[in-house]
Amino acid sequence: MTTARLQVPNRIIEGDVFKLRLLVQHPMDSGFLRDLEGVLVKRNVIRHLQCILHDKEVFRVEPTTGTSANPLFEFYLRATRSGELYFRWVDDKGYIGELRHNLVVEPANQSQAPKS
Amino acid sequence: MLLPITALKRCCVFWGLAWLGMLVFAAPLHAQQRLIALDKLQSGLAFTGPEILDLQADDFANPALPAMDKGAKLWKQVAGKSDKSCQSCHGETSASMKGVATRYPAIDKASGQLFNLEDRIRQCRQKNQKASEWPLESDELLAMTLFVTSASNGMPIKVSVEGKAQSHFEAGQKIFMTRQGQMNLACTQCHDQRYGIKLFTDKLSQGQPNAYPAYRIEWQRLASLERRLRFCYTGVKAEVPAWGHKDMRDISLYLMWRAQGLSIEVPSVRK
């Protein structure tokens, strides 16, 4: 069972470059470490993680054993229009994790309102 | 004749001081004597670097947070033959579990044994919920312990070392003061006498228990105070007691007494 947390700014206005942070709960077992009983833990890392927006891949990462447990991915996107952010990741055991987030982009305001 | 007298005086003063010094150092430790004054107590955070401070303060990236979520979920989850969740009996943790973590380890009235918070949760799960056992150091037990502990966040530690707990306290204090292992070191030598000094690349802390269960970067997961203590045993190359050993509970009690007044700090991150 893996869970993930996503952080996006509260308010996104068209044209903004905003930061996304995704924290995936995953042991990222490197295959070199032993558990508390001294048994070697089999390698199990996230192999592939991607983010899709408007049917287009906007971010992809292929982590390896060098990435820590519960990895935090941070990247930037430029907001054009609202849509669904879809994250999908696969680990060595074949587990597929998913996260969906409804991205709301406010149209650029004509009356010079201060951006949040 | 003047010179020898002065010398004699000096001599007397010297031996007098030396004798006084011996008296101070040889004096037996009083049962409840504090080696670090209450106003000198410092959480482990004071000895970590800025990266750890930032990571712990980050409401999103703090790696202990997924376990908090898991604990919150488990709290509401119905389990076992009783068909009850923790919430069915205890309600919200913010009310029922407030301050609980500041009082553990404590004597269990039924068995007369010293229980830490993990033991209490395990017992409740087994006896009242009639559900499958959570092994020590399992993800579920740590998540639940963290969640219950978080209800006491910011509250000062105050354990009882009276009555039946007294013998446990004394045993814990004795272990803390006794040299052991191939390195022949006692806990007190690093954590009372040399905190703040560097051991390899890291500063020695006071060994305060106020932030456990903590996410340990080195182990890449949440860890209990017991596991941390076991690690110190390995550090001084001493024989590590079995999981759940009475010695570990005794030291925990001593540590919590020693940390009196420090506030509970979870979810926390440690190197």
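Reminder, nothing fancy here: chain letters follow the sequence lines and each chain counts from 1. Everything quoted here is computed from the prediction, not taken from an experiment.
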Check step by step if side chain to side chain contact (heavy atoms under 4.5 Å, CB included) holds for Gln220(B) and Asn70(A).
-> CA-CA 8 Å; Gln220(B) 305 255 305; Asn70(A) 306 322; over 6 Å; no

Chi angles and distances behind the side chain to side chain contact (heavy atoms under 4.5 Å, CB included) call for Glu137(B), Asp35(A) | CA-CA 11 Å; Glu137(B) 219 58 23; Asp35(A) 66 9; over 6 Å; no

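Surrounding CG of Asn102(A) are more than 12 heavy atoms belonging to other residues, nucleotides or ligands, all under 6.0 Å away. Within a 6.0 Å sphere centred on CD of Glu239(B), heavy atoms belonging to other residues, nucleotides or ligands number 12 at most. Counted within 6.0 Å of NZ on Lys246(B), heavy atoms from surrounding residues, nucleotides or ligands total more than 12; the atom is thus considered enclosed. Heavy atoms of other residues, nucleotides or ligands lying less than 6.0 angstrom from NZ of Lys271(B) number more than 12.
Residues meeting the ring-ring contact (aromatic ring centres under 6.0 Å, His included) test with Tyr233(B), sequence neighbours left out: none.
Contacts between Leu33(A) and chain B at a heavy-atom distance below 4.5 Å are absent for every atom of the residue. Neither the backbone nor the side chain of Trp219(B) comes within contact range of chain A; no heavy atoms are under 4.5 Å apart. For a residue to count as touching a neighbouring chain, one of its non-hydrogen atoms must lie under 4.5 Å from one of that chain's; by this rule Arg230(B) does not touch chain A. Asp59(B) touches chain A through its backbone: at least one of N, CA, C or O sits under 4.5 Å from a heavy atom, while the side chain does not. Looking at Leu72(A), the atoms closer than 4.5 Å to chain B (heavy atoms on both sides) all sit in the side chain, from C-beta outward.
Atom CG of Leu65(B) and atom CD of Gln25(A) lie 10.5 Å apart (nearest 0.5 Å). The distance from atom CG of Asp58(B) to atom CD of Gln7(A), rounded to the nearest 0.5 Å, is 7.0 Å.
Shown here for Phe60(B) and Leu6(A), the closest heavy-atom pair between the two residues is CE1-C, 3.5 Å. Residues Leu23(A) and Ala61(B) share a closest heavy-atom pair of CD1-O, 4.4 Å.
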